[in-house]
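Below: the structure, in structure tokens.
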Number of protein chains: 2
Amino acid sequence: MRSYGQYCGLAKALDIIGDRWTLLIVRELLIRPCRYTDLRKGLPGIATNMLADRLREMETEGILTREEAPPPVATTLFRLTKRGRDLEPALLLLGNWGAPLLAKSSGKAGAKAGGKEAFRTHWLALPLQLHLADQHPRRPPVRIELRTGEVGDDPITIETLDGAIQIRMGAATRPDAVLTGTPQLIMGVLVGKRDLSEARAAGLQFEGDPAVLRRVQSPG
Amino acid sequence: MRSYGQYCGLAKALDIIGDRWTLLIVRELLIRPCRYTDLRKGLPGIATNMLADRLREMETEGILTREEAPPPVATTLFRLTKRGRDLEPALLLLGNWGAPLLAKSSGKAGAKAGGKEAFRTHWLALPLQLHLADQHPRRPPVRIELRTGEVGDDPITIETLDGAIQIRMGAATRPDAVLTGTPQLIMGVLVGKRDLSEARAAGLQFEGDPAVLRRVQSPG
DNA sequence: CTGCATCCGCTTCGATACTG
DNA sequence: CAGTATCGAAGCGGATGCAG
């Protein structure tokens, strides 16, 4: 990207993370370290050369590192540096600022008319980390699995761990609850904006113990 | 901007404020309402058609409003909406994240070799608002004027008001202190990273009462 | 399969000139 | 003062090719 050439912290930040796709790559890597292919799956719509370009730039800027595995495995892992992880607070605030816009786009009409918006379950990880909390740290830990019905979209698991909320990629072994449905319904129920019966009526599939939902909901 | 087409708060935010120049326009308007010409002065390097385009887009997105004055005055004022002002926390965090990069670029070598970086004194307003605090709210208010020597760059004034820090555009009437110098020296002294004698040796001009500096410095 | 590089059409950006 | 018009250059998106 062309530099703004301004002696200003914000302008300097944008010189580095202001490029198209860059902050979304950071989003992916904040959730977990990724292979190239994971990034492509987590960033629907990105052109492969763009991704390669951005990864190179971000590496030279010190935002991420490339971990080469030895020849037998031959897979490269991309991981944020400390400097890259330092973007998390700003990124969460931006995501929060954008959240109200999700209501209007409710799943239909993406970039072009007719195509619906892309969604990946793991995109819920950052907002959930922000909005959930363990209300009963002394009780035995619980696990909640989230999934859409879509093929090629992996589930994620919420688990309580020492009083904190952890979000993991992948399905849960012996989950206390499993929620299947649209992101609107899943988020609505988890943040306490919709109640469970209403969400089920609207199409959410719920299996397990409804009490675990209250366990992880933040007050307010 | 082309939409990412992703059902994700961050992606939605970037659909709106991810364009080149957009967040810098928000920076300008967070500092004060602006006329078109003020924006051009505060955004060195912007092409006039870009500015016009962005202002139109931001107006339709509900981030800013255009206040037309009646014919005699014939000047248009651009002002952030509530929704636009809500970007402030995220923008401050991004600016903070970029701040360490200012050390390396220390005033030389901007976009092209040979040209130095642009600077406007009012760009200090947001970081100062963040880093200063009135240590003695009961004492009579103080005013500190900041200026570079550059022509065409207006000074700003820090003043204490009911225990809070206010930053105003323009020179102060009967200031308690006036600091003239590079942004590095001014910020260094104000946040307590450099002491005054060191900064004066490095070229900072200081007039007034050194005690007012301690009055506004945050602990830490 | 993973991790890119190349090519091509299109859009956006930047600089300058001009106007109500 | 507050923009529009124009045009070359750079960036982006999509498709495809290819080596380890």
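In what follows, every heavy atom counts, from backbone to side chain, and hydrogens, waters and symmetry copies are set aside. Protein chains get the first letters and strands the later ones, always in sequence-line order, with residue 1 at the start of each. Nothing here was measured: the structure is a model prediction, and the numbers come from that model.
Put simply, CG on A:L55 is 10 Å from C1' on C:dC4, counting in whole angstrom units. Atom CE of A:M1 is separated from atom P of C:dT12 by 15 Å (rounded to the nearest Å). Rounded to an integer number of Å, the gap from CD1 of A:I25 to C1' of C:dG3 is 14 Å.
Between A:T75 and C:dT2 there is no side-chain N or O to OP1 or OP2 distance below 4.0 Å. The shortest distance between the side-chain N/O atoms of A:R56 and the OP1/OP2 oxygens of C:dA5 is below 4.0 Å.
Residues A:L29 and A:R79 are not in side-chain contact: their nearest non-hydrogen atoms beyond the backbone lie 4.5 Å or more apart. Between B:L77 and B:P33, the closest side-chain pair of non-hydrogen atoms falls below 4.5 Å. Contact annotation: the side chain of A:D15 never approaches that of B:L101 to less than 4.5 Å [non-hydrogen atoms, C-beta and beyond]. Residues A:L14 and A:D19 are not in side-chain contact: their nearest non-hydrogen atoms beyond the backbone lie 4.5 Å or more apart.
The existence of a salt bridge linking B:R147 and B:E145 is confirmed by a sub-4.0 Å separation between a basic side-chain nitrogen and an acidic carboxylate oxygen. One finds a salt bridge joining A:K12 and B:E117 here, because a Lys/Arg side-chain nitrogen approaches an Asp/Glu carboxylate oxygen to under 4.0 Å.
Chain A approaches DNA chain D over the interval D:dC12 to D:dT16, counting the first and last nucleotide 5' to 3' with an atom under 4.0 Å from its heavy atoms.
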Inset, instruction - Treat primed atoms plus P, OP1 and OP2 as sugar-phosphate and everything else as base, then score nucleotides 14-20 of chain C 5' to 3': B for base contact with protein heavy atoms under 4.0 Å, S for sugar-phosphate contact only, - for none. - result: BBBB---
Inset, instruction - Take B:R143 and B:T173, measure what side-chain hydrogen bond (donor to acceptor under 3.5 Å, both in side chains) needs, and give me the verdict at the end. - result: CA-CA 9 Å; B:R143 273 162 288 151; B:T173 57; 3.3 Å; yes
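For A:S218, the side chain to side chain contact (heavy atoms under 4.5 Å, CB included) test picks out A:A133, with sequence neighbours left out.
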